[in-house]
Amino acid sequence: MTAVGIDAIEIRSGKLRLDLPNTFAPQKGDDPEKYTKGLGLTNSSFPDVYEDIVTMGANAAKRLMDRKGLEPDDIGRIDVATESAFDHSKPVSTYIAGCLEKVYDGDFVHANKGERKFACVAGTQAVDDAYNWIRAGRNRGRAAIVIATDTALYARGDPGEATQGAGAVAMLIAEDPNLVELSNDQGYGSKDETDFLKPNQQFPSVDGKRSMQVYLSRMREALEDYESVAGKIELDDFAYAPFHTPFPGMVRKAALLAYRHVIRDTEYEDDLAGEIGRQPREGEYDDREAYEEAIREYMDELKTTEQYRTWYDDAVEPTLGLSREVGNWYTSSVHVARVSALRDALERDRDFVGETLLVASYGSGAQAEIHAETVRERWRSEVEALDIDDQLERRYDLSWEEYEDVHDIHEYDKDLDREIEEFTAPEGEFVFTGWGRMNERKYQYVE
């Protein structure tokens, strides 16, 4: 059976940068380490005046197509995952296709287009859809483009404000992929939750403590479900574990939970028994409360062990590199983590072909998905082609007052009483130009 997976990836960051420890923290009266060590973030990316989820997605897709030598006829499906959509009917994919048709001779008239919504897990769901479409034989030899694009703004003063970010990831899903092959096995954890939602509003309503609990619970359920079809996970089965990363601090908690689960009843738990004891078993306790307290105490000790730290530093920490510099990209989050892992392997010059990534996606509301991806023979050339370092280096450094302006201009319902000029000059990219007769957003390509 022909392998299906991710053939290539492109990333598009917002062109503005907010320095969290040196610009954001002083304005909030906070210790910079609250952000760098607590949240695990250093900088956030923001869109310039002429950027939005369409331009970032279209620019990522165009670079993907140009680099792979593709024309519109080669693409049979365009799916966009976002939780920053500005239209309740017309999908963002149609806007992006319209942008791309401005620069290619052909068109996407016969390509299926759609928009996926399930908070941050929607990007992975869109990849699943494209995979299934190809596996079903409906693609007629064509590939799919999946785009995850978001501007993750929070209300001013909201606790989540420091985690903001903006960017897009475009992925080419195809047969015989260059980058990674997707597995058939998937695990899910899903439940009706109200941890994070946007009921007819741009900025999220968040129950922060509840959101963390829901994230961890759904991840545990997805891991258990994955093992029910793929078999018991062993630590040596995968090289990296990219998680959904709203901020690296949350991943630290999820990784510890996953590690405890995976080592249970293994030689790794046995090796730790003399140092911190064996994991508590619920049957050993009179009630659930006592058991949960024992688990918390065990995990507090587990995270300090050399065994756990070594695994975390090898398998998880390398997936957080880009997130620290760009903030939360919602639907792109886990896909940014995957790229960070691949970049780390390239930097270490790893003999990486055939290695496995265990990818853990999550979306509030709430659902987690876990699946495996196998690294392909031509992965190195695809990772070397990325230009994200250049993008991040060229970002415009915002002052606090400029950040306030940027936040204002990207609030959908805010009436501005002043003109805010662009901070950078567009070149060789799609830009937002204003509104049309039906209040639709308009775009053009700037040479």
Side-chain angles (χ1 to χ4, degrees), residues 40 183 185-189 212-213 215-245 248-285 288 290-321 334 337-338 340-342 344-345 348 350-352 354-362 368-375:
S183 70
D185 297 328
Q186 297 165 301
Y188 299 99
M212 179 72 77
Q213 294 169 341
Y215 175 82
L216 297 177
S217 294
R218 300 295 83 77
M219 283 293 189
R220 173 182 53 78
E221 293 162 356
L223 187 58
E224 293 170 348
D225 191 43
Y226 176 77
E227 288 186 319
S228 75
V229 293
K232 172 72 174 171
I233 292 174
E234 303 290 343
L235 286 183
D236 297 334
D237 288 346
F238 51 92
Y240 295 99
F243 283 82
H244 166 59
T245 311
M250 184 176 279
V251 173
R252 288 196 293 266
K253 296 180 182 295
L256 183 64
L257 180 72
Y259 189 83
R260 176 176 67 84
H261 176 91
V262 170
I263 69 168
R264 189 181 180 97
D265 296 321
T266 70
E267 61 186 37
Y268 294 99
E269 183 186 12
D270 295 340
D271 291 342
L272 287 171
E275 182 178 353
I276 63 173
R278 295 181 64 79
Q279 294 185 27
R281 269 62 172 177
E282 188 168 2
E284 301 169 352
Y285 295 87
R288 181 75 182 181
Y291 167 67
E292 290 180 348
E293 177 60 29
I295 284 290
R296 284 192 291 270
E297 292 175 358
Y298 178 85
M299 292 180 71
D300 284 343
E301 294 188 65
L302 177 62
K303 68 184 178 185
T304 66
T305 63
E306 182 178 352
Q307 178 181 295
Y308 172 73
R309 292 305 315 172
T310 298
W311 172 81
Y312 181 88
D313 290 344
D314 289 343
V316 180
E317 179 64 28
T319 72
L320 306 176
V334 74
R338 178 198 291 108
S340 291
L342 294 167
D344 182 75
R348 297 190 192 193
R350 293 185 63 155
D351 184 11
F352 204 38
E355 293 275 10
T356 301
L357 309 179
L358 192 68
V359 180
S361 301
Y362 172 78
E369 178 193 317
I370 290 178
H371 68 263
E373 300 175 359
T374 303
V375 178

When rounded to the nearest 0.5 Å, the distance separating CZ of Arg296 from CD of Glu301 is 14.0 Å
Listed by chain and number, what are the side chain to side chain donor-acceptor pair (under 3.5 Å) partners of Gln213, not counting sequence neighbours? none
How far apart are the closest heavy atoms of Tyr291 and Pro280, and which atoms are they? CE1-O, 3.6 Å
Check whether any side-chain heavy atom of Ile276 sits under 4.5 Å from a side-chain heavy atom of Leu302, and report yes or no. yes
With sequence neighbours excluded, give me every salt bridge (Lys or Arg N to Asp or Glu O under 4.0 Å) pair touching residues 305-317. Arg309-Asp313, Glu317-Arg324
Kindly give the heavy-atom pair with the smallest separation between Ile263 and Leu235, and that separation in Å. CG2-CD1, 3.8 Å
CD1-OG distance between Ile370 and Ser183, expressed to the nearest 0.5 angstrom: 11.0 Å
Report the residues that fulfil side chain to side chain donor-acceptor pair (under 3.5 Å) with Glu282, sequence neighbours left out, ordered by chain and then residue number. Arg288
Donor-acceptor under 3.5 Å (Thr310 side chain, Gln307 main chain): no
Is Leu257 close to Leu223 at the side-chain level, that is, under 4.5 Å between some pair of heavy atoms? no
Note: Ala241 and Phe238 closest approach over all heavy atoms is CB-CE1, 4.0 Å
Tell me if a side-chain donor or acceptor on Glu269 pairs with a main-chain N or O of Gln279 at a distance below 3.5 Å. yes
The salt bridge (Lys or Arg N to Asp or Glu O under 4.0 Å) partners of Asp271 (sequence neighbours excluded) come to none
Sorted by chain and residue number, the side chain to side chain contact (heavy atoms under 4.5 Å, CB included) partners of Val334 (sequence neighbours excluded) come out as Thr124, Val359, Ser361
Rounding to 0.5 Å, atoms CZ (Arg252) and OH (Tyr312) come to a distance of 6.0 Å
Residues passing the salt bridge (Lys or Arg N to Asp or Glu O under 4.0 Å) test with Glu234, sequence neighbours excluded, are none
Could you grab the distance from atom CG of Asp185 to atom CG of Asp225, nearest 0.5 Å is fine? 10.5 Å
List in chain and number order the residues that pass salt bridge (Lys or Arg N to Asp or Glu O under 4.0 Å) with Glu275, two or more places apart in sequence or in another chain; answer none if no residue qualifies. none
Tightest non-hydrogen contact, residues Leu357 and Pro242, listed as CB-CD, 4.4 Å
Looking at residues at least two apart in the chain, or sitting in another chain, which of them share a ring pair (Phe, Tyr, Trp, His ring centres under 6.0 Å) with Phe352? Tyr240, Trp379
Sorted by first residue and then second, give each ring-ring contact (aromatic ring centres under 6.0 Å, His included) pair with at least one member in residues 249-285; sequence neighbours left out. Tyr259-Tyr308, Tyr259-Trp311
Search all heavy atoms of Tyr226 against all heavy atoms of Ala372 and return the closest pair with its distance. OH-CB, 3.4 Å
Measure the OG1-CD distance between Thr374 and Glu355 for me, rounded to the nearest 0.5 Å. 10.0 Å
Does anything in residues 254-265 pair up under salt bridge (Lys or Arg N to Asp or Glu O under 4.0 Å), and if so which pairs, sequence neighbours excluded? Asp265-Arg281
With sequence neighbours left out, what residues match Glu221 under side chain to side chain contact (heavy atoms under 4.5 Å, CB included)? Arg218
Who passes salt bridge (Lys or Arg N to Asp or Glu O under 4.0 Å) against Lys232, sequence neighbours left out? none
Ring geometry between Tyr215 and His244 (parallel below 30°, tilted from 30 to 60°, perpendicular above 60°): tilted
